[in-house]
Participant: 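Provided herewith is a single structure, encoded as structure tokens, for subsequent inquiry.
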There are 2 protein chains.
Amino acid sequence: MSQEEGRTRAADDDAAAVARSRFVERFAGQLVEAGMTRMPARIFAALLASDSGALTSAQLGEQLKVSPAAVSGAVRYLTQQHMVSREREPGTRRDLFRVHDNQWYEALTSRDSVLKHWEDALREGVESLGADTPAGRRVGETLAFFEFVQSELGGMMDRWREHRKTLGLD
Amino acid sequence: MSQEEGRTRAADDDAAAVARSRFVERFAGQLVEAGMTRMPARIFAALLASDSGALTSAQLGEQLKVSPAAVSGAVRYLTQQHMVSREREPGTRRDLFRVHDNQWYEALTSRDSVLKHWEDALREGVESLGADTPAGRRVGETLAFFEFVQSELGGMMDRWREHRKTLGLD
DNA sequence: CCTTAACTTCACAAGTTTGTGAAAGCAGCG
DNA sequence: CGCTGCTTTCACAAACTTGTGAAGTTAAGG
């Protein structure tokens, strides 16, 4: 038994839980700084740091010490953003929420991303300011930059999928 | 005179001001959705849509209908993020705030970007969860993804500078 | 040096956001 | 079909944010 190595099984579990919780709160903190709201950030981080990659509402509520209502709201947001998917655990009435590694960071780079909305606003700005005015030209260049970035993303994700294989992550 | 084209000079100016303001508020709105706080977003948008690319505190306050205090706070934030630079207008005591097109979106992709902080948190997570645990592996893959993205950014910005020339923006 | 224009800081009031408890809604199972 | 257990919705209280007015600081110019 691991007691002979200086700790009990329970202490091991406890240490693991503490490590997990520290990571969850720290990573969630970064997501919050980047603009995500707190509860979805914490839930997302908790799923990322779970062994199975999926947890039930009850588990999330317990681990994060929040009410079912809070979980419900946050999880709706996350599924809308395609960062998490909902499954019904067969043979029970619990919902399971899962991070699909691929899925979620593909979502980061895809169609209705933040970038697209910026581009729309910028495009309208160029038109209404006039493409031939100094202001219009400045906004136009910004637009050109984001369009360029957008055009590069596809290729980048292709290269990632390639690179991923070389790392032995399947 | 442009009155013969159906509008007065004043009306032209007014129309331009309205167009500018609509753009400012719309683009700022997108920045807010992406996580920036409202006042910095509005000020940044106002600078972007200005003809000279630079405005004084007073101009910003007047155009956005906010107090000097609000301008001061927002501008401090923007300069810390390297999105705007402060100049002293020579021969006066006014400060001028400027968007340097290059500078600001280079800032988006550089060193102390959001990405780096995410990576730090993820790296710590892998260590404390254990690289050989399921959770540690999942967090590790996420880390690998962001490291990959980071490694691609340099090349992308190089290609942008190239592409920029072909667009005739110098 | 003193004046004064400009910027900054601070305490606070108004306005939002966030998460909760309680009630209502759903769906699988007996 | 009606229990029962899970999820969602809603109104509200608490906590946090945001922008303001006013006082404080700085430095250019006389």
Side-chain angles (χ1 to χ4, degrees), chain A residues 21 24-25 27-47 50 52 54-81 83-98, chain B residues 21 24-25 27-47 50 52 54-81 83-98:
Chain A
S21 171
V24 167
E25 297 306 331
F27 188 58
Q30 292 303 326
L31 296 177
V32 167
E33 268 194 46
M36 194 181 299
T37 45
R38 180 155 256 102
M39 194 58 62
R42 295 178 72 207
I43 289 192
F44 182 74
L47 288 171
S50 67
S52 61
L55 297 171
T56 65
S57 276
Q59 290 174 315
L60 286 166
E62 188 194 9
Q63 190 180 321
L64 302 177
K65 299 277 191 299
V66 294
S67 69
V71 174
S72 173
V75 129
R76 180 177 29 170
Y77 171 84
L78 289 169
T79 52
Q80 278 168 359
Q81 304 299 310
M83 294 179 67
V84 157
S85 60
R86 177 195 303 256
E87 309 173 354
R88 171 57 54 100
E89 204 171 6
T92 160
R93 9 194 127 146
R94 284 183 184 82
D95 281 351
L96 248 194
F97 300 98
R98 180 179 300 278
Chain B
S21 172
V24 167
E25 297 306 332
F27 188 57
Q30 292 302 326
L31 295 176
V32 168
E33 267 194 46
M36 192 181 298
T37 45
R38 179 155 258 102
M39 193 60 60
R42 294 179 73 207
I43 288 192
F44 182 74
L47 288 171
S50 67
S52 61
L55 297 171
T56 65
S57 276
Q59 291 174 314
L60 287 166
E62 189 195 8
Q63 191 181 321
L64 302 177
K65 300 276 191 301
V66 294
S67 70
V71 175
S72 175
V75 131
R76 181 181 30 181
Y77 172 83
L78 288 170
T79 53
Q80 278 168 357
Q81 304 299 310
M83 294 180 67
V84 156
S85 60
R86 176 193 305 254
E87 308 173 356
R88 171 56 54 99
E89 203 172 7
T92 158
R93 355 190 140 148
R94 283 183 184 80
D95 281 350
L96 250 193
F97 300 98
R98 179 178 299 280

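Here the structure is a predicted model, which means the values were calculated and not measured. Just so it is clear: chains get the letters A, B, ... in the order the sequence lines come, proteins before strands, and each one is counted from 1.
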Participant: Taking B:Phe97 as the fixed residue, which of B:Thr56, B:Leu55, B:Leu47, B:Leu78 is the one that meets the side-chain contact (heavy atoms from CB on, under 4.5 Å) rule?
Facilitator: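 So, applying the side-chain contact (heavy atoms from CB on, under 4.5 Å) to B:Phe97 and each of B:Thr56, B:Leu55, B:Leu47, B:Leu78, only B:Leu47 qualifies.
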Participant: How close do A:Val24 and A:Arg42 get, counting heavy atoms only, and between which atoms?
Facilitator: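 Heavy atoms only, the tightest pair is CG1-O, 3.7 Å.
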Participant: Donor-acceptor pairs under 3.5 angstrom involving side-chain atoms of residues 30-37 of chain B: please list them, not counting sequence neighbours.
Facilitator:
none

Participant: Just how far, in rounded Å, is C1' of D:dC6 from CZ of A:Phe97?
Facilitator: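 Whole-Å distance recorded here is 11 Å.
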Participant: Without decimals, in angstroms, what is the distance between A:Met39 CE and C:dG19 P?
Facilitator: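 From A:Met39 CE to C:dG19 P: 4 Å.
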Participant: Side chain of B:Arg94, heavy atoms from C-beta onward: which of D:dG19, D:dT8, C:dC7 has the nearest atom to it?
Facilitator: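 The answer is C:dC7.
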Participant: Give one of base, sugar-phosphate or nothing for A:Thr56, where a contact means two heavy atoms less than 4.0 Å apart.
Facilitator: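 Result for A:Thr56 = nothing.
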Participant: In whole angstrom, give the distance that lies between atom CZ of A:Arg38 and atom C1' of D:dA15.
Facilitator: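 Those two atoms, CZ and C1', are 12 Å apart.
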Participant: In whole angstrom, give the distance that lies between atom CD1 of B:Ile43 and atom P of D:dG19.
Facilitator: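 Distance, rounded to whole Å: 9 Å.
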Participant: Under 4.0 Å between any heavy atoms, over every strand shown, what does A:Arg86 touch: base, sugar-phosphate, or nothing? Just pick one.
Facilitator: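 Since only primed, P, OP1 and OP2 atoms lie under 4.0 Å of A:Arg86, the category is sugar-phosphate.
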Participant: What is the distance from CD of A:Gln80 to C1' of D:dT8, rounded to the nearest Å?
Facilitator: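 Those two atoms, CD and C1', are 14 Å apart.
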Participant: Answer whether the closest heavy-atom distance between the side chains of B:Asp95 and B:Glu87 falls below 4.5 Å.
Facilitator: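 B:Asp95 vs B:Glu87: side chains apart.
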Participant: Please tabulate the protein-to-nucleotide N/O contacts below 3.5 Å involving nucleotides 10-15 of chain C, giving atom names and distances.
Facilitator:
none

Participant: Give the angle between the helix axes at the two ends of the helix from C:dC1-D:dG30 to C:dG30-D:dC1, taking five base pairs at each end and rounding to 10°.
Facilitator: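 End-to-end axis angle for the helix from C:dC1-D:dG30 to C:dG30-D:dC1: 20°, rounded to 10°.
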Participant: Can you name the nearest heavy-atom pair linking B:Ala70 to B:Met39, along with the distance?
Facilitator: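 Distance-wise, the nearest heavy atoms are O-CG, 3.9 Å.
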Participant: Do any of residues 71-79 of chain B sit with a heavy atom less than 4.0 Å from DNA chain C, and if so which?
Facilitator: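 Those residues are B:Ser72, B:Arg76.
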Participant: If you only use heavy atoms from C-beta on, which nucleotide in D:dT7, C:dT18, D:dT20 is closest to the side chain of B:Ser67?
Facilitator: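 For B:Ser67, the side-chain atoms sit closest to D:dT20.
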Participant: Using the salt bridge (charged side-chain N to carboxylate O under 4.0 Å, His left out) rule, collect all pairs that involve residues 56-65 of chain B, keeping only residues at least two apart or in two chains.
Facilitator: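 Salt bridge (charged side-chain N to carboxylate O under 4.0 Å, His left out) check on residues 56-65 of chain B returns no pairs.
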Participant: Grab the N/O contacts between the protein and nucleotides 26-30 of chain D below 3.5 Å, and write none if there aren't any.
Facilitator:
residue : atom : partner : partner atom : Å
D:dA28  : N3   : B:Arg93 : NH2          : 3.4

Participant: Nearest-Å distance, CD (A:Gln59) to C1' (D:dT7)?
Facilitator: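 Interatomic distance, CD of A:Gln59 to C1' of D:dT7: 16 Å.
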Participant: B:Arg42 has an atom CZ; how far is it from atom C1' of D:dT17, in whole Å?
Facilitator: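 The answer, rounded to whole Å, is 16 Å.
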Participant: Taking all heavy atoms of B:Ser50 and all of B:Ala54, pick out the closest pair and write down the distance.
Facilitator: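 Heavy-atom minimum between the residues: OG-N, 3.5 Å.
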Participant: Do you know which two heavy atoms are closest between B:Ala74 and B:Ile43, and how far apart they sit?
Facilitator: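 Closest approach of B:Ala74 to B:Ile43, heavy atoms only: CB-CD1, 3.7 Å.
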Participant: Between atom CD in A:Glu89 and atom C1' in C:dA27, what is the gap in whole Å?
Facilitator: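 Checked: the CD to C1' distance equals 16 Å.
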Participant: If you compare all heavy atoms of A:Ser52 against all heavy atoms of A:Arg98, which two are closest, and at what distance to 0.1 Å?
Facilitator: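 The pair with the smallest heavy-atom distance is O-NH1, 3.5 Å.
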